[in-house]
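Okay, structure first, notes after.
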Amino acid sequence: MTLQERPDRENLADTGLSETPAERVSYLRAGHTLKSWLLTTDHKRIAILYLISITFFFFVGGAAAALVRLDLLTPAGDLLSNEGYNRAFTLHGVIMVWFFLIPSIPNTFGNFLLPLMIGARDLAFPRLNLLSWYIFMLAGLLTLAVLILGGVDTGWTFYTPLSSMFAHGQVVLAATAVFVAGFSSILTGLNFIVTVHKLRCPGMTWGRLPLFVWSIYATSLILVLATPVLSITLALIAAERLFGLGVFDPAVGGDPLLYQHLFWFYSHPAVYIMVLPALGVVSELVAAAARKPIFGYAFVAGSSMAIAVLGFFVWGHHMFVSGQSMYASAVFSFLSIAVAIPSGVKVYNWTATLYKGHISLDPPFLFAMAFIGLFVVGGLTGLILAMLAVDVHVHDTYFVVAHFHYIMVGGAVSAFFGALHFWWPKMFGRRYSLVWGRLSALLIFLGFNLTFFPQFLLGYLGMPRRYHVYPPEFQVLHVLSSAGAGILGLAYLMPFAYLFYALRYGPPAGDNPWGVTGLEWQTRSPPPKHNFDAVPVVDGPPYDYHVEMEGDEDG
Amino acid sequence: MADRVREPYAAPGQQREAAMMGMYIFLASETMLFSGLFLVALHLRLEHAPEVVAASRQMHYFIGAANTALLLTSSLLVALAVEAAREGRARPAVLATAILLGLGFLALKAVEYRMEYAEGILPLPGAVTEFSSPARHAFMNLYLIATALHAVHLSIGLGLLATLAVRLLRGTLPLPERSIVMVNAGLYWHLVDVIWIFLYPVFYLAR
Ligand code: HEM
Ligand SMILES: [Cu+2]
């Protein structure tokens with residue numbers, strides 16, 4: 001029982017690894033059995049497991065959205081019953097939020113890239129990482145059970161007293177599913193935080209971390225600190241429904257508004273769980289596309305942390321018309337507007353990074369551009385909503401629906417596809433068709449705007465959210481939106497065709513197909529099981545591109 | 001195998017620090033879980049001060065006090081066992097005593113629940129209850145939820161400690177190399193203790 005130092009620090013050739021030749025070739029070759037995937041502790045394989053699972057849920061949630069949009073084609077509620085409509089949008093929200101968006105970028109790309117980007121061989125707790133996937137799948141199964149057993153109709157927000165006293169349906173089961181998924185989030189966040197602290201390779205100081213790592217770090221803090229508040233809140237709802245132990249029930253002196261406070265204390269930070277990783281991805285894509293160091297690295301990194309922290313203090317902007325104190329509302333309004341500052345810092349810095357860059361219009365960059373445009377619209381309408389006086393009018397209308405879809409779907413999902421297109425060659429070692437990539441980026445952008453821009457107008461004109469019967473004068477805008485949703489749906493399917501095609505027929509990618517900096521590009525594509533043959537040593541700043549100055553030979 | 005430096009790590013110290021940091025983050029998360037309950041308690045207290053004061057007068061605060069003493073003592077014993085483990089000495093008996101004290105806590109809690117049930121103030125499903133005001137009912141609901149959740153955590157802690165005590169007895173836990181396992185289990189146990197230290201005044205002494 002000797003403790004051995006591994007590897008021998010003096011001898012750089014000693015990698016301290018016991019690996020098979022197949023593992024040395026690539027993580028994909030290291031075993032082809034189902035068992036080698038289901039029992040893997042390799043962060044890269046777990047990332048692929050997540051990628052498959054969340055894609056599945058994306059389509060289940062998408063099917064629910066299709067039902068909603070079809071029903072809204074006509075002013076009468078003729079496709080779905082009232083109950084059915086409520087169930088469709090609830091399922092859509094629950095699945096998209098907890099089973100697609102929250103795990104989307106962190107659990108796939110975060111898992112895959114975090115160790116590679118900081119020069120580590122794996123996450124800090126590889127087995128915990130696998131456990132977290134199993135917990136996630138258990139939660140997913142529970143959600144599917146909810147679907148089969150008849151669904152829920154409370155909306156993704158589970159507001160009391162509707163959820164605790166009046167709703168029929170599988171409220172407890174749905175709450176349990178989200179509760180269980182929360183543990184997966186917490187364990188993943190914990191794993192990421194410890195990894196960033198303890199497993200950076202020599203020379204990888206905090207000031208040299210890639211911006212994606214910073215944003216995943218900030219996200220993880222929210223995952224670890226906000227998710228348990230949601231867990232306990234859902235547990236309280238379950239206790240009320242199952243055992244009659246009401247604490248939100250006004251009949252026993254409880255307060256339904258308290259539920260909203262607890263829920264949004266989690267759920268506003270949760271919207272940053274969804275968008276911070278996307279911001280990190282876009283920082284990477286912008287620097288890669290411009291071939292320039294990120295303008296104001298420290299500010300971009302710091303703004304991720306600022307958003308994470310400020311995000312904990314703005315939840316009251318969801319409750320302006322709930323009857324909370326007017327003074328509280330005013331403070332929440334002010335704080336919400338303050339969040340715009342770090343968000344703005346990012347957008348300005350990306351723009352400055354692109355200025356005079358050698359920009360290549362590859363698919364990842366097009367997705368990044370789509371992200372920036374849609375994020376600006378979503379963010380600015382967020383400001384409009386954060387103005388107390390305006391929100392009183394547009395609260396609970398399609399304006400809000402359009403606002404958060406611009407950020408969560410237009411923004412976060414575009415960034416997800418951007419990441420998929422940027423790192424696909426690294427993950428699978430194959431190039432895909434750039435032409436098709438550009439085309440799908442364009443179609444996603446257009447389809448998205450056609451779907452959601454009319455919803456701003458609808459909301460402004462007074463169309464409330466969560467109704468499927470509406471006055472006939474809104475029909476034109478609803479039809480436009482549904483048509484856009486059709487295009488968007490097809491556009492989301494396109495990448496599957498050419499990316500899968502590339503898996504088999506794409507030309508080999510080479511280690512660094514985009515010619516960019518970053519440790520993940522210095523190892524092979526796909527990377528070997530242990531990521532690096534020798535632990536890398538970092539000796540320069542991140543995004544260390546050559547910048548031409550005035551008077552340069554070739555400038 | 002277990003005593004070797006495992007995959008992503010280069011040195012035992014690094015691995016130990018990571019494990020400990022992971023535990024602290026987990027405990028921060030647990031703290032946030034309970035803080036939701038404390039927030040509900042605070043809200044009740046602010047909204048319905050007289051009823052809450054009346055309700056907490058009805059609690060058997062001496063049982064709570066005895067339980068506090070039990071938990072604090074067991075935490076002390078766990079701390080001693082952990083310190084010993086760090087120096088390479090296995091102290092299964094100390095750990096076992098701590099476990100007994102924890103079981104004592106659960107037993108006393110059960111007695112207390114029984115008394116409250118008999119008095120008609122424990123809102124178990126199906127129980128016949130009688131509350132002088134609605135807020136009192138909410139207070140007892142919250143009390144039951146919070147103490148039950150705490151008991152669940154305590155039982156998990158007992159399971160952890162029991163596993164470690166067995167491993168110490170059998171000598172399958174190499175010390176001091178793997179003392180980190182003891183340290184982490186100890187940290188968890190202390191948190192269970194600390195949560196009780198807050199639950200006790202909130203429910204029993206809030207008058
Ligand atoms: C950056 C990522 C953001 C995401 C993912 C996001 C997401 C959301 C979501 C999901 C809702 C609706 C919740 C519901 O009622 O079901 C919402 C509402 C709202 N958002 Fe955002 N949001 C973001 C940014 C912002 C910003 C930066 C602000 C303000 C500066 C903001 C202000 C608001 C306000 C005031 C509402 C409530 C509107 C109402 O219900 O009347 N949001 N957001
Ligand atoms: Cu919000």
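Worth saying up front: this structure is predicted, and the values here are computed from it rather than measured. Numbered from 1 within each chain, the chains take letters A, B, ... in sequence-line order.
Between B/Ala18 and A/Phe125, the closest heavy-atom pair is O-CZ, 3.3 Å. Closest non-hydrogen pair, A/Val224 versus B/Ser29, comes out as O-OG, 2.9 Å. Smallest separation of non-hydrogen atoms from A/Val247 and B/Ala138: CG1-O, 4.2 Å.
With a 6.0 Å radius and a threshold of 12 heavy atoms from other residues, nucleotides or ligands, B/Tyr200 has its OH atom above the threshold. Sparse packing is recorded around OH of B/Tyr61, with 12 or fewer heavy atoms of other residues, nucleotides or ligands lying under 6.0 Å away. Counting heavy-atom neighbours within 6.0 Å of B/Phe198 CZ, excluding the residue itself, gives a total of 12 or less. Within 6.0 Å of the CZ atom in B/Arg89, the count of heavy atoms belonging to other residues, nucleotides or ligands exceeds 12. Dense packing is recorded around CZ of B/Phe62, with more than 12 heavy atoms of other residues, nucleotides or ligands lying under 6.0 Å away. Counting heavy-atom neighbours within 6.0 Å of B/Glu87 CD, excluding the residue itself, gives a total above 12.
Ranked by heavy-atom pairs under 4.5 Å with chain A, the first of B/Pro123, B/Gly36, B/Gly22 is B/Gly22. Between chain A and the options B/Leu39, B/Asn141, B/Leu124, the largest number of non-hydrogen pairs under 4.5 Å is found for B/Asn141. In terms of heavy-atom pairs under 4.5 Å with chain B, the best-connected choice from A/Gly244, A/Pro250, A/Pro228 is A/Pro228. Ranked by heavy-atom pairs under 4.5 Å with chain B, the first of A/Leu245, A/Leu123, A/Leu187 is A/Leu245.
Although no hydrogens or angles enter the test, the distance criterion places no donor-acceptor pair under 3.5 Å between the side chain of B/Glu17 and the main chain of A/Lys198.
Distance check: B/Phe38 CZ to A/Ile232 CD1 gives 10.5 Å after rounding to the nearest 0.5 Å. For the atom pair CG of A/Leu190 and CG of B/Leu27, the computed distance is 9.5 Å after rounding to the nearest 0.5 Å.
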message: Determine whether A/Asp255 and B/Val40 satisfy the following criterion, side chain to side chain contact (heavy atoms under 4.5 Å, CB included), listing intermediate values before the conclusion.
response: CA-CA 9 Å; A/Asp255 185 353; B/Val40 178; over 6 Å; no
message: Could you go through B/Leu33 and A/Val229, starting from their C-alpha distance and side-chain angles, then the distance that decides it, and tell me whether this counts as side chain to side chain contact (heavy atoms under 4.5 Å, CB included)?
response: CA-CA 5 Å; B/Leu33 185 86; A/Val229 178; over 6 Å; no
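In this structure, the portions of A/Ala124 lying under 4.5 Å from any heavy atom of chain B include both its backbone and its side chain. Using a 4.5 Å cut-off between heavy atoms, A/His197 touches chain B through its side chain atoms alone. Contacts between A/Ala251 and chain B at a heavy-atom distance below 4.5 Å involve the backbone alone (N, CA, C, O). Proximity to chain A is limited to the side chain of B/Leu144, based on heavy atoms less than 4.5 angstrom apart. In this structure, no portion of A/Leu223 lies under 4.5 Å from any heavy atom of chain B.
Side-chain contact between B/Thr31 and A/Leu225 is absent, with no heavy-atom pair separated by less than 4.5 Å. For the pair B/Tyr9 and A/Leu199, the minimum side-chain heavy-atom distance is below 4.5 Å. Side-chain contact between A/Ile193 and B/Met21 is present, with at least one heavy-atom pair separated by less than 4.5 Å. No side-chain heavy atom of A/Pro115 sits under 4.5 Å from any side-chain heavy atom of B/Pro8. Considering only heavy atoms from C-beta on, A/Phe265 comes within 4.5 Å of B/Met32 through its side chain. Side chains of B/Leu37 and A/Leu236 form a contact here, defined as non-hydrogen atoms less than 4.5 Å apart.
For residues 41-51 of chain B, the interface with chain A (any heavy-atom pair closer than 4.5 Å) comprises B/His43, B/Leu44, B/His48, sorted by residue number.
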